[in-house]
Chemist: 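I have a structure here, written as structure tokens, and I will follow up with some questions on it.
Throughout, protein chains are lettered first and strands after them, A, B, ... in sequence-line order, and every chain is numbered starting at 1.
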Amino acid sequence: MPELPEVETVKETLKTLIVGKTVEDVSIFLPRLIKEPEPEAFREMLKGRTVTGVGRRGKFLLIFFDPWVLVSHLRMEGRYSLELQDQPKEKHTHVIFGFTDGTELRYRDVRTFGTMHLWPKGEELDRPPLYKLGPEPLSDAFTLEQFTERLSGRKTRIKALLLNQEFLTGLGNIYVDESLYTAGIHPERSVSTLTSTEVKRLYESIRSTLKEAIEAGGSSVRSYVNGNGEMGRFQLRIKVYGRKGEPCHCCGTPIVRTVVAGRGTHFCSKCQD
DNA sequence: ACACACCCCTGGAAGC
DNA sequence: TGCTTCCAGGGGTGTG
């Protein structure tokens with residue numbers, strides 16, 4: 001399930017693979033993935049356009065085809081790969097961007113939850129699905145002071161808030177559980193009960209966890225691979241997510257799994273309170 | 001503001 | 001062995 005570190009890794013690999021290539025045609029096998037504009041317009045807008053860059057906002061991958069920008073969300077299982085046009089199409093391939101040099105950028109998505117929007121470059125941040133997103137956790141603008149300010153007055157459980165992309169963008173289920181573990185905070189703690197020490201620990205844990213995961217090339221927990229088809233390595237460093245019943249690395253207590261905010265939630269009942 | 005149910009979807013796991 | 005049922009997840013929407 002691609003979260004910020006996985007999308008960041010895909011962005012970096014795609015950059016080396018597709019920048020400079022020109023679209024000859026686009027094949028759409030599952031039109032409902034294309035949310036804006038209508039699929040046929042989407043296709044026509046991209047024909048003849050050259051990839052000028054690849055970016056990221058939260059968990060969204062941005063591919064610039066001046067004057068447009070493709071805003072792509074991989075959801076759980078979306079993945080991009082560059083193939084030669086005569087290579088057989090793998091199952092669950094839903095969109096193919098064919099380039100003039102005979103290569104193709106292919107989008108595969110087993111669960112078909114992914115989405116694509118195509119907007120004029122420069123307008124994407126003011127339109128769905130990016131327009132409501134909260135701050136980028138790794139940006140310089142995201143300071144402890146801003147985090148503290150945004151938390152004030154909130155009464156929900158901390159895990160629910162960290163999953164809320166309008167509050168902070170980029171964290172998903174894995175990195176929320178990991179960040180809360182590292183900070184020693186129970187996922188069901190009400191935000192209003194957090195001390196300033198805990199808020200500081202959480203702020204630092206979120207940033208260090210994400211940075212460490214990016215350095216490791218993301219986590220391949222389910223099906224994630226980067227644009228080169230390579231798995232990440234951070235799953236080897238995961239401390240709680242998916243480790244129900246296994247010993248806490250710190251104290252040996254079995255990791256607990258519950259459901260918080262509708263998501264499977266893993267934590268150490270001794271180290272997190 | 002917050003909690004929760006529901007929906008989208010598929011394949012793998014679990015249950016029978 | 002083979003069938004059916006359950007479950008995971010991000011985000012949108014709707015209800016209380």
Chemist: What pairs of nitrogen or oxygen atoms, one from the protein and one from nucleotides 2-5 of chain B, lie under 3.5 Å apart?
Modeler:
unit_1, atom_1, unit_2, atom_2, d
B:dC2, OP1, A:Lys155, N, 2.2
B:dC2, OP1, A:Thr156, N, 3.1
B:dC2, OP2, A:Arg154, NE, 2.6
B:dC2, OP2, A:Arg154, NH2, 2.9
B:dA3, OP2, A:Thr156, OG1, 2.3
B:dC4, OP2, A:Arg157, NH2, 3.2

Chemist: For the side chain of A:Val110, counting heavy atoms from C-beta on, which of C:dG9, B:dC9, B:dT10 is nearest?
Modeler: B:dT10
Chemist: Please name the pair of heavy atoms, one in A:Ala183 and one in A:Arg201, separated by the smallest distance, quoted to 0.1 Å.
Modeler: O-NE, 2.8 Å
Chemist: Start with the C-alpha gap between A:Lys47 and A:Glu24, add the side-chain angles, then the distance that decides, and say whether salt bridge (charged side-chain N to carboxylate O under 4.0 Å, His left out) holds.
Modeler: CA-CA 6 Å; A:Lys47 276 189 193 178; A:Glu24 183 163 299; over 6 Å; no
Chemist: Please state how far atom CZ in A:Arg111 lies from atom P in B:dC7, giving the value in whole angstrom units.
Modeler: 17 Å
Chemist: Using a strict heavy-atom distance below 4.0 Å, which residues from residues 115-125 of chain A are in contact with DNA chain B?
Modeler: none
Chemist: Wobble G-U and Watson-Crick pairs count when both distances are under 3.5 Å; given that, what is the 5' to 3' dot-bracket string of DNA chain B, with | for pairing to other strands?
Modeler: .|||||||||||||||
Chemist: With a cut-off of less than 4.0 Å, is there a side-chain N or O of A:His92 near OP1 or OP2 of B:dG11?
Modeler: yes
Chemist: Hey, mind stepping through A:Lys59 and A:Glu6 against salt bridge (charged side-chain N to carboxylate O under 4.0 Å, His left out) and telling me if it holds?
Modeler: CA-CA 8 Å; A:Lys59 302 177 193 173; A:Glu6 289 75 33; over 6 Å; no
Chemist: What integer distance in Å separates A:Arg108:CZ from B:dC9:C1'?
Modeler: 16 Å
Chemist: Report the C-alpha separation of A:Asp66 and A:Lys121 in whole Å, then their side-chain angles, then the decisive distance to 0.1 Å, and conclude whether the salt bridge (charged side-chain N to carboxylate O under 4.0 Å, His left out) test is met.
Modeler: CA-CA 7 Å; A:Asp66 287 357; A:Lys121 185 178 176 181; 3.4 Å; yes
Chemist: Would you call the rings of A:Phe147 and A:Phe142 parallel, tilted or perpendicular if under 30° counts as parallel and over 60° as perpendicular?
Modeler: perpendicular
Chemist: When rounded to the nearest 0.5 angstrom, what is the spacing between OG1 in A:Thr100 and CG in A:Asp25?
Modeler: 12.0 Å
Chemist: Is there a donor-acceptor contact under 3.5 Å from the side chain of A:Arg189 to the main chain of A:Asp273?
Modeler: yes
Chemist: Is any side-chain nitrogen or oxygen of A:Tyr241 closer than 4.0 Å to OP1 or OP2 of C:dG9?
Modeler: yes
Chemist: According to ring pair (Phe, Tyr, Trp, His ring centres under 6.0 Å), does anything in residues 149-201 of chain A pair up with another residue at least two apart or in another chain? List the pairs.
Modeler: A:Tyr175-A:Phe234, A:His186-A:Phe267
Chemist: Please state how far atom CD in A:Glu77 lies from atom C1' in C:dA8, giving the value in whole angstrom units.
Modeler: 9 Å
Chemist: Given A:Gln165 and A:Thr169, is the side chain to side chain donor-acceptor pair (under 3.5 Å) satisfied, shown in steps?
Modeler: CA-CA 4 Å; A:Gln165 303 298 296; A:Thr169 186; 3.3 Å; yes
Chemist: In residues 31-43 of chain A, what residues come within less than 4.0 Å of DNA chain B, judged by heavy atoms?
Modeler: A:Arg32
Chemist: Which pair of non-hydrogen atoms, one from A:Pro187 and one from A:Gln272, has the smallest distance, and what is that distance?
Modeler: CD-NE2, 4.0 Å
Chemist: Determine, for nucleotides 10-16 of chain C in 5'-to-3' order, which nucleotides have protein heavy atoms under 4.0 Å from the base (write B), from only the sugar-phosphate (write S), or from neither (write -).
Modeler: BB-----
Chemist: Determine yes or no for a side-chain-to-main-chain donor-acceptor pair under 3.5 angstrom, with A:Trp68 supplying the side chain and A:Arg49 the backbone.
Modeler: no
Chemist: Check whether any side-chain N or O of A:Thr103 sits under 3.5 Å from a backbone N or O of A:Phe99 as a donor-acceptor pair, and report yes or no.
Modeler: no
Chemist: Say whether, by atom type as modelled, one donor and one acceptor occur between the side chain of A:Glu3 and the main chain of A:Ile174 under 3.5 angstrom.
Modeler: yes
Chemist: Expressed in angstrom and rounded to an integer, what is the separation of A:Leu74 atom CG from B:dC9 atom P?
Modeler: 18 Å
Chemist: Under 6.0 Å from the CD atom of A:Glu38, do we count more than 12 heavy atoms belonging to anything else shown?
Modeler: no
Chemist: Specify the closest pair of heavy atoms between A:Thr112 and A:His94, including all atoms of both residues, with the distance to one decimal.
Modeler: CG2-NE2, 3.5 Å
Chemist: Using the salt bridge (charged side-chain N to carboxylate O under 4.0 Å, His left out) rule, take A:Lys21 and A:Asp101 through it: C-alpha gap first, then chi angles, then the decisive distance, then the call.
Modeler: CA-CA 7 Å; A:Lys21 292 179 184 273; A:Asp101 66 356; 2.5 Å; yes
Chemist: Give A:Gly262 one of three labels, base, sugar-phosphate or nothing, depending on what nucleic acid heavy atoms sit under 4.0 Å from its own.
Modeler: nothing
